[in-house]
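Written below as structure tokens is the structure these notes are about.
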Amino acid sequence: MAEPWRDVLRDAGAVREAAAVAVDAALLAGGLMRAGEQPRASAVVNYAPFTLLPSAVPRALFEQAYAVQQDFNLLVDAISQNKEFLQQTLASTIKVDDFTAQLFGIYKQVLEEGLAQTVFLGINRSDYMFDCGVDGSAALKQIEINTIAASFGGLTSRTADVHRLVLKVLGKTKEASRLLPNNPSQGLALGIAKAWELYGSQSAVVMFLVEEVQRNIFDQRCVELELWNRNIRVIRKRFRDVFEKGSLDGSRRLYIDGQEVAVVYYREGYVPQTYDQQNWEARLLLERSRAVKCPDIATQLAGTKKVQQELSRPGTLEKLLPGHPEAVARVRATFAGLYSLDEGEEGDRIAATAIADPERFVLKPQREGGGNNLYGEELRQVLEKVKDSPERTSYILMDKIKPQPTMNYLLRAHSPLQVSECISELGIFGVYVRQGQEMVLNEAAGHLLRTKATEHADGGVAAGVAVLDTPYLV
Ligand code: ADP
Ligand code: MG
């Protein structure tokens with residue numbers, strides 16, 4: 001891929017000066033996270049880590065990612081309404097994976113009772129890398145789609161302004177003017193506001209369901225402030241608060257602290273560690289309610305790795321999106337090779353292939369949030385261990401995407417300034433609102449570019465591996 005900043009990278013003095021300006025500009029712009037040492041209050045904050053320079057992204061692939069986002073919104077929504085598909089697809093997984101089984105249990109229970117919810121709000125982020133072919137050409141390949149708690153739609157809007165300034169400091173005024181504006185939190189808030197409006201109760205609030213420890217609170221505040229600007233009241237609660245103070249009335253309206261809740265926006269709830277018995281009860285209460293859940297439990301299940309793998313089977317997309325052959329083609333073009341490890345011949349064969357050549361694959365359990373996937377020698381060892389047991393079914397295999405690395409500086413508080421070999425991951429935010437069977441909003445809401453040093457196989461910004469970046473289209 002093009003390296004537009006080659007001259008700059010060699011000039012240590014200019015880099016040092018630009019980095020100092022960049023850090024202060026990021027702090028001024030509000031690109032913030034609570035400090036790791038004091039994550040429960042905002043008394044001590046750091047800048048959210050970011051690259052010194054924007055990273056080159058092929059324009060055609062960037063446009064392709066935007067162009068397919070409405071299709072992905074339709075697809076996720078269709079999966080969430082397809083009980084047969086979810087049941088069949090997850091049948092093998094829930095036998096061996098307790099967390100997915102618990103989620104699925106709530107899903108079934110809610111369906112049996114009958115949904116009280118009539119308005120549906122999806123906020124997702126489809127993540128991609130640029131796979132480098134043998135001929136040097138790059139292709140857009142989806143890593144995954146996040147259907148719950150997709151983050152950094154707020155903070156990412158601050159990064160482009162900082163990079164614009166950095167390029168000016170480095171004498172690249174023309175290039176600075178080419179950086180795109182980007183504010184996903186506005187689009188996310190628009191979706192939440194629409195769902196709130198359709199819920200139809202002026203006095204009802206939007207509830208952000210948040211973690212016990214909220215290090216990334218400023219990212220969430222960006223969305224929150226957009227809602228306050230529209231005079232929509234926002235409250236922040238944890239599962240524990242819902243367990244202690246949440247209730248449903250006769251028509252399953254959700255109340256907490258005496259306030260009716262129109263929309264529940266989950267920024268929590270996607271890892272098993274969140275849930276003790278009480279928090280599972282709280283989750284069930286929320287799901288049974290009339291409130292608009294973003295996402296509802298079906299949409300969370302639609303984002304599992306197992307579903308992603310089954311989507312790549314020939315004929316599946318056609319069944320899920322009948323009458324949309326162009327959308328099917330656009331979606332399929334972004335798929336990397338994905339393989340089932342279910343018991344049987346198909347699974348035996350691919351497991352043997354991966355054990356023989358682990359560098360070709362990534363082994364993924366049904367987990368979110370980074371740091372769970374297995375690569376290389378570790379992949380081989382784990383697969384050796386589980387290959388003849390039902391536990392194998394809790395994983396999927398995926399072709400490893402191999403992007404062309406570029407050089408950049410990753411700016412992180414308390415870290416030395418040094419150049420790193422990096423790869424980037426592009427995310428596109430999708431927002432949609434459905435009322436009954438009618439899609440009333442379906443949009444791409446902005447993008448997120450994250451970059452990490454190639455020495456790390458896995459992990460996001462929150463995990464301290466990736467940093468925020470801005471695409472520089474080439
Ligand atoms: P999670 O739900 O934990 O975020 P992901 O599927 O997004 O799981 O994987 C986490 C990280 O691992 C990604 O951000 C990416 O850096 C890396 N990764 C995942 N899948 C692949 C792949 N097929 N090829 C190369 N890297 C991958
Ligand atoms: Mg991910």
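Worth saying up front: this structure is predicted, and the values here are computed from it rather than measured.
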Non-hydrogen side-chain atoms of [X] and [Y] separated by less than 4.5 Å:
| X | Y | result |
| --- | --- | --- |
| Gln220 | Val210 | yes |
| Thr147 | Val76 | yes |
| Glu212 | Phe239 | no |
| Leu286 | Leu209 | yes |
| Leu468 | Leu155 | yes |
| Tyr339 | Asp399 | yes |
| Val223 | Gln186 | no |
| Ser80 | Gln300 | no |

salt_bridge([X], [Y]) N-O dist < 4.0 Å:
| X | Y | value |
| --- | --- | --- |
| Arg330 | Asp71 | yes |
| Glu287 | Arg283 | yes |
| Glu268 | Arg238 | no |
| Asp469 | Arg450 | no |
| Arg267 | Asp219 | yes |
| Lys305 | Asp97 | no |
| Arg178 | Glu175 | no |
| Arg6 | Glu3 | no |
| Glu421 | Lys452 | no |

Lys402 vs Ile423, test: side chain to side chain contact (heavy atoms under 4.5 Å, CB included). Steps then yes/no. CA-CA 9 Å; Lys402 294 175 175 153; Ile423 55 175; over 6 Å; no

Quick check: does any side chain N or O of [X] sit under 3.5 Å from a backbone N or O of [Y], one acting as donor and the other as acceptor?
| X | Y | result |
| --- | --- | --- |
| Arg125 | Asp127 | no |
| Gln214 | Asn216 | no |
| Asn146 | Ile148 | no |
| Thr89 | Phe85 | yes |
| Asn46 | Ala413 | no |
| Thr304 | Leu301 | yes |
| Arg34 | Arg215 | no |
| Tyr275 | Gly269 | yes |
| Lys293 | Ala291 | yes |
| Gln70 | Ala327 | no |

Name all pairs fulfilling the ring-ring contact (aromatic ring centres under 6.0 Å, His included) condition that reach into residues 406-440, sequence neighbours left out, sorted by first residue then second. none

Which residue pairs pass the ring-ring contact (aromatic ring centres under 6.0 Å, His included) test when at least one of the two sits in residues 14-60, sequence neighbours left out? Tyr47-Phe50

Please confirm whether Trp5 and Tyr472 have ring centers closer than 6.0 angstrom. yes

Find the distance between [atom1] ([X]) and [atom2] ([Y]) and round it off to the nearest 0.5 Å.
| X | Y | atom1 | atom2 | value |
| --- | --- | --- | --- | --- |
| Leu397 | Leu379 | CG | CG | 6.0 Å |
| Leu317 | Glu310 | CG | CD | 11.5 Å |
| Ser185 | Glu224 | OG | CD | 11.5 Å |
| Leu321 | Phe72 | CG | CZ | 10.0 Å |
| Leu140 | Glu63 | CG | CD | 12.0 Å |
| Phe208 | Arg236 | CZ | CZ | 7.0 Å |

Got more than 12 heavy atoms from elsewhere within 6.0 Å of CD, Glu326? no

Answer yes or no: does atom CZ of Arg16 have more than 12 heavy-atom neighbours from other residues, nucleotides or ligands under 6.0 Å? no

So which atom in [X] and which in [Y] form the shortest heavy-atom distance, rounded to 0.1 Å?
| X | Y | value |
| --- | --- | --- |
| Leu86 | Ala298 | CD1-O, 4.1 Å |
| Asn279 | Arg240 | OD1-N, 3.7 Å |
| Arg434 | Gly436 | NH1-O, 2.9 Å |
| Leu180 | Arg164 | O-NH2, 3.7 Å |
| Ala445 | Leu188 | CB-CD1, 4.1 Å |
| Asn408 | Pro54 | ND2-O, 4.3 Å |

Ring geometry between His447 and Phe62 (parallel below 30°, tilted from 30 to 60°, perpendicular above 60°): perpendicular

Mind running side chain to side chain contact (heavy atoms under 4.5 Å, CB included) on Tyr375 and Phe361 for me, showing each step along the way? CA-CA 7 Å; Tyr375 305 82; Phe361 300 94; over 6 Å; no

What residue among Val166, Leu9, Leu52 forms side chain to side chain contact (heavy atoms under 4.5 Å, CB included) with Val15? Leu52

Report the residue from Asn372, Ile396, Asn373, Leu341 that forms a side chain to side chain contact (heavy atoms under 4.5 Å, CB included) with Leu363. Leu341

Tyr107 vs Asp296, side chain to side chain contact (heavy atoms under 4.5 Å, CB included): CA-CA, chis, key distance, verdict: CA-CA 9 Å; Tyr107 168 64; Asp296 66 349; over 6 Å; no

Is the closest side-chain donor-acceptor distance between Asn73 and Asn442 under 3.5 Å? yes

Exercise: do Gln142 and Ser126 side chains pair donor with acceptor under 3.5 Å: yes

Leu449 and Thr470: CA distance, side-chain angles, deciding distance, side chain to side chain contact (heavy atoms under 4.5 Å, CB included) verdict: CA-CA 6 Å; Leu449 192 72; Thr470 306; 5.9 Å; no

Given the rule in the side chain to side chain donor-acceptor pair (under 3.5 Å) test, do Asp77 and Gln81 qualify, once you have shown the distances and angles that lead to the verdict? CA-CA 7 Å; Asp77 186 51; Gln81 295 178 77; 3.1 Å; yes

